[in-house]
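Chain letters run A, B, ... following the sequence lines, proteins first, then strands; residues in each count from 1. Predicted, not measured: the structure shown is a model, and the values here were computed from it.
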Protein chains: 2
Amino acid sequence: MSRTDQLSAVFAALADPTRRAILAELANGDATVTELTAPLPISMPAVSRHLKALEEASLISRVRSGKWRASHLEAAPLRDAADWIERYRRFWDESLDRLEAHLADVQSNQSTAAAPDAATTPTHDKEN
Amino acid sequence: MSRTDQLSAVFAALADPTRRAILAELANGDATVTELTAPLPISMPAVSRHLKALEEASLISRVRSGKWRASHLEAAPLRDAADWIERYRRFWDESLDRLEAHLADVQSNQSTAAAPDAATTPTHDKEN
DNA sequence: GCTACGTTTAACAAGATAGTTAAATGAAAA
DNA sequence: TTTTCATTTAACTATCTTGTTAAACGTAGC
């Protein structure tokens, strides 16, 4: 299939943890390749190419200012990605409802169970 | 980098238009590989492998029922993807605010312009 | 046990991706 | 103009992805 569409490019860009880390860093303000490379375990050319990928997905823009070239977060394409995913919200909300209903049922049926609340609060880890 | 984490797997799965089409189809109900292949321009083995990718990202589950094996949408991982993207909402909302402010400014400055509303309503195409 | 049907796996090829080091580019500073 | 510094591109390698066709697998029905 096409695979050259905007949405595919954005999701593909987000599929790499290094690129997500770069976007997270840029959320704190513009930065140069050198600055972005510092905390990462890969070479500067590798980061430079990640930036190229992000730029081609329109997730960043870059502007040269003297010797430096700063990368700037461009979040607009994330809106399209969010919108696409949002159409499935009812499915995960639904599932959650069913899960909660089930757990509530289990809980009411075993009246003497200890600390049932632990199970009713699914963990939800965050990543950079 | 790792690239084997759950979030990366989900975004990578969503980066392919064929797989997004499959998820969209499954939103209408469970389906077999044969059914999913019918509208697609690729072979059944190719679709079968897309399903494998979706299953490994935990975006679908599959159950054999006699001769058939139905795929079922599992939307829960989409919640994590949505949550990740949501943290950037302020950036695109911000941009939108600036755009709207700019357009309002332009509009008020050219009092006799025709149909200015067309420009204040950015188009926002949806995809399958 | 055969046969048929739905599905997956194997084997292959083409192209994309992600990293490396070394060389080239572009702009500032001396 | 030569040097220096920030960054990108080139060349290469290894691995992953996505498609194909042909073969294998699993279950149902005769």
Side-chain angles (χ1 to χ4, degrees), chain A residues 1-23 25-26 29-73, chain B residues 1-23 25-26 29-73:
Chain A
M1 245 180 173
S2 51
R3 157 191 92 269
T4 48
D5 58 296
Q6 176 69 6
L7 198 50
S8 296
V10 171
F11 279 134
L14 298 182
D16 187 291
T18 298
R19 286 193 290 263
R20 290 202 302 278
I22 290 173
L23 291 179
E25 184 56 38
L26 292 178
D30 296 359
T32 64
V33 208
T34 303
E35 290 166 340
L36 291 169
T37 302
L40 296 173
I42 58 176
S43 67
M44 187 157 7
V47 175
S48 182
R49 283 167 43 145
H50 280 303
L51 291 176
K52 192 180 182 188
L54 289 168
E55 190 173 36
E56 282 168 359
S58 301
L59 283 166
I60 67 167
S61 59
R62 286 188 284 184
V63 53
R64 194 174 263 292
S65 155
K67 230 181 333 197
W68 295 274
R69 201 176 173 206
S71 292
H72 176 79
L73 178 63
Chain B
M1 244 182 174
S2 52
R3 158 191 92 270
T4 47
D5 58 296
Q6 177 69 6
L7 198 50
S8 296
V10 170
F11 279 133
L14 298 182
D16 187 290
T18 298
R19 285 192 289 264
R20 290 202 302 279
I22 289 173
L23 291 179
E25 184 56 37
L26 292 178
D30 297 0
T32 64
V33 208
T34 303
E35 289 166 341
L36 291 169
T37 302
L40 296 173
I42 58 177
S43 67
M44 187 158 5
V47 175
S48 182
R49 281 167 43 146
H50 280 302
L51 291 176
K52 193 179 181 187
L54 289 169
E55 190 173 36
E56 280 166 0
S58 302
L59 283 166
I60 66 167
S61 59
R62 287 189 283 184
V63 54
R64 196 175 261 291
S65 155
K67 233 185 321 201
W68 295 274
R69 203 176 170 205
S71 292
H72 176 78
L73 178 63

In whole Å, I'd like the distance from the CG atom of B:Asp16 to the C1' atom of C:dG15. 14 Å
Which nucleotide sits closest to the side chain of A:Lys52: D:dC5, D:dT20, D:dT9? D:dT9
Please tell me if A:Arg69 has a side-chain N or O lying less than 4.0 Å from either OP1 or OP2 of D:dT8. yes
Salt bridge (Lys or Arg N to Asp or Glu O under 4.0 Å) pairs, two or more places apart, involving residues 37-62 of chain A: A:Glu55-A:Arg62
Given C:dT21, C:dG19, C:dA18, the nucleotide with the shortest approach to the side chain of A:Pro45: C:dT21
Can you give me the closest heavy-atom contact between B:Thr37 and B:Ser43, atom names plus distance? CG2-C, 4.1 Å
Euclidean distance, atom CG of residue A:Leu54 to atom P of C:dT17 [Å, nearest integer]: 13 Å
How close or far is atom C1' of D:dT21 from atom CD1 of B:Ile42, stated in whole angstroms? 15 Å
Taking 4.0 Å as the cut-off, does a side-chain nitrogen or oxygen of A:Ser43 come that near to OP1 or OP2 on C:dT20? yes
Under a 4.0 Å threshold between the charged nitrogen and the carboxylate oxygen, would A:Asp30 count as salt-bridged to A:Arg69? no
Quick check on DNA chain D: between A:Trp68 and A:Arg49, whose nearest nucleotide comes earlier from the 5' end? A:Trp68
Return no unless some side-chain N or O of B:His50 is found under 4.0 Å from OP1 or OP2 of D:dG19. yes
Can you figure out which of C:dG19, D:dT20, C:dA18 approaches the side chain of A:Arg19 most closely? C:dA18
With sequence neighbours left out, the residues meeting side-chain contact (heavy atoms from CB on, under 4.5 Å) with B:Ala53 are B:Arg19
What is the minimum heavy-atom distance between A:Ala31 and A:Glu35, and which atoms define it? CA-OE1, 3.2 Å
Please list, in numerical order, the residues of residues 55-65 of chain B that have a heavy atom closer than 4.0 Å to any atom of DNA chain C. B:Arg62
Could you state the atom-to-atom distance from CE of A:Met44 to C1' of C:dG19 in whole Å? 15 Å
From NZ of B:Lys67 across to P of C:dT3 the rounded distance in Å is 15 Å
Identify the two heavy atoms, one from B:Asp16 and one from B:His50, that lie closest to each other, and give their separation to 0.1 Å. OD2-CE1, 3.7 Å
Nearest-Å distance, CG (B:Leu51) to P (D:dT17)? 16 Å
On a heavy-atom basis, which atom in A:Ala15 and which in B:Ala12 lie closest, and how many Å separate them? CB-N, 3.5 Å
